[in-house]
**Q** 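Sharing a structure below in structure tokens format, with a few things to ask.
All heavy atoms count here, side chains included; hydrogens, waters and symmetry mates do not. Below, chain A is the first sequence line, B the second, and so on; all start at residue 1.
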Protein chains: 2
Amino acid sequence: MTDADKRDRIIAAAYDVLSEKGYDKASTKEIANTAGVAQGLINYYFPSKDLLFAEVFRRETEKYCKSFDGLIVVDGKPLNIESISGLLEIPKSKALEEPEWFRLRYELFAIGLRNDAARETLKEMLDTKRKHISSSLQSITGLPPEQSDTFASVLYAIIEGLGLQKVADPTFRYDDAYGMLAEMLGAYYEQLIKKREL
Amino acid sequence: MTDADKRDRIIAAAYDVLSEKGYDKASTKEIANTAGVAQGLINYYFPSKDLLFAEVFRRETEKYCKSFDGLIVVDGKPLNIESISGLLEIPKSKALEEPEWFRLRYELFAIGLRNDAARETLKEMLDTKRKHISSSLQSITGLPPEQSDTFASVLYAIIEGLGLQKVADPTFRYDDAYGMLAEMLGAYYEQLIKKREL
DNA sequence: GTCTATAACAGGATAGAC
DNA sequence: GTCTATCCTGTTATAGAC
């Protein structure tokens, strides 16, 4: 963090403190310290703590979607266990490499489930992500949009749920779970193909 | 809530307030009001707020495991889309019928990911649940323990992840997602059977 | 735009009476 | 066991100087 706009520094600091301490314990004081600005400045840019965090979550969603953009399969290659495992590598590695990022999401999940304003933010976040994953899936599998949307929601659930188990417990057999997931997706995909051919 | 032991009343009230307000906003004052006892009494039974909530989470895990105990398939009936859908009905309905219960879990997920003491509680909770689901799966599918454990972790991830999407957004196509999940599991199970027969 | 200082309040935990 | 009263700390948001 160099000396970018102080507003940006505040958002970046909020991201860090929020993922480490959680919504309530993430005090504006600590955010200001981390950002290297006066506490009062936060309220100059953001009328309230809530609005600051809304901005943090907005950026998180953007980043999340971008992380899926590498998901493209070379044309002609069929989908099998190996290629599916390769595709899953990207979301899988995120929980290991950026656990703070991961924690941040669960923070929003928890808040969103109990606070009406945050629920709206959460709803949008989930919708944006689902749609993004869905469009990747369409280009990979050639499935129709509706089916892809549903598929995306299941996939998203698994990714977040397995990451949770891994971040909460380093001894969790994350690889095994992803291995089984790949097999499951492979079996399902094969079945879809067969049905389409009939 | 009649006039059971005041200690029990405190725990029950903590459950309610915690799932509604979240960890930090769930004040001992409000818990005391809800339970109809003096605030000081909470500290008589529980040296700290953390220990009170640890007890709440312990009970949640117990309840969760019990909720899976109805999951038994009539012997001889094969696993197909219909019977799998039937089995999934139980976890599926929980998010709709008891959203507070659901929120409570996400509360622990968020706290557990950032607090060392709570992480231990979370780890145990996840482990207990996985093992419980796994043993149900073993008796239903006849899969070996290790495979069932892995299966349980994937299944648990999906259940919580889909529930999140539904509770966060009532317009979410929850039925479609569970429908696809049943198909996925069916396809995977068929594949397992075939492999076993070779 | 940025800072310092402070107002206004709420939290958990404790002391001590009954 | 249970209550009331209080202490101490930490919080957000604002006021006002620079």
**Q** Can you confirm if the NZ or CZ of A:Lys6 lies within 45° of the ring axis of A:Tyr44 and under 6.0 Å from the centre of its six-membered ring?
**A** no
**Q** One pair to check against ring pair (Phe, Tyr, Trp, His ring centres under 6.0 Å): B:Tyr188 and A:Tyr188. What are the steps and the verdict?
**A** CA-CA 7 Å; B:Tyr188 181 57; A:Tyr188 181 56; over 10 Å; no
**Q** For A:Lys131, enumerate each residue passing the salt bridge (charged side-chain N to carboxylate O under 4.0 Å, His left out) test, keeping only those at least two apart in sequence or located in another chain.
**A**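 Counting only residues at least two positions away or on another chain, A:Lys131 forms a salt bridge (charged side-chain N to carboxylate O under 4.0 Å, His left out) with A:Asp127.
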**Q** Checking A:Thr171 against A:Asp169 for the side chain to side chain donor-acceptor pair (under 3.5 Å) test, could you report, in this order, the C-alpha distance in whole Å, the side-chain angles of both residues, the deciding distance, and whether it holds?
**A** CA-CA 5 Å; A:Thr171 70; A:Asp169 177 5; 2.7 Å; yes
**Q** So, A:Ser153 and B:Gln165: side-chain donor and acceptor under 3.5 Å apart, yes or no?
**A** no
**Q** Of all residues at least two apart in sequence or in a different chain, which pass the side-chain hydrogen bond (donor to acceptor under 3.5 Å, both in side chains) check with B:Asn33?
**A**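 Listed in chain order: nothing, the list is empty.
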**Q** Mind listing the N/O atom pairs, protein and nucleotides 11-15 of chain C, below 3.5 Å?
**A**
residue: C:dG12; atom: OP1; partner: B:Thr28; partner atom: N; Å: 3.4
residue: C:dG12; atom: OP1; partner: B:Lys49; partner atom: NZ; Å: 2.8
residue: C:dG12; atom: OP2; partner: B:Thr28; partner atom: N; Å: 2.7
residue: C:dG12; atom: OP2; partner: B:Thr28; partner atom: OG1; Å: 2.8
residue: C:dA13; atom: OP2; partner: B:Lys49; partner atom: N; Å: 3.2
residue: C:dA13; atom: N7; partner: B:Gln39; partner atom: NE2; Å: 3.4
residue: C:dA13; atom: N6; partner: B:Gln39; partner atom: OE1; Å: 3.1

**Q** Anything under 4.0 Å to a heavy atom of chain A counts; send over the first and last such nucleotide of DNA chain D, read 5' to 3'.
**A** D:dT11 to D:dT14
**Q** State whether B:Tyr23 and B:Lys49 meet the cation-pi test: NZ (Lys) or CZ (Arg) under 6.0 Å from the six-membered ring centroid, and within 45° of the perpendicular axis.
**A** yes
**Q** Got a sec, which pairs hit side-chain hydrogen bond (donor to acceptor under 3.5 Å, both in side chains) with one end in residues 60-70 of chain B, sequence neighbours left out?
**A** B:Arg58-B:Glu62, B:Glu60-B:Trp101, B:Glu60-B:Arg105, B:Glu60-B:Lys129, B:Lys63-B:Glu98, B:Asp69-B:His132
**Q** May I ask you to decide whether B:Asp149 forms a salt bridge with A:Arg173, counting only side-chain N to carboxylate O separations under 4.0 Å?
**A**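 The answer is no: the pair does not qualify as a salt bridge.
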**Q** Give, ordered by number, those residues of residues 109-118 of chain B having at least one heavy-atom distance below 4.0 Å to an atom of DNA chain D; if nothing qualifies, reply none.
**A**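 Contacting residues: none.
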**Q** May I ask you to check whether A:Phe109 and B:Phe109 place their ring centres under 6.0 Å from each other?
**A** no
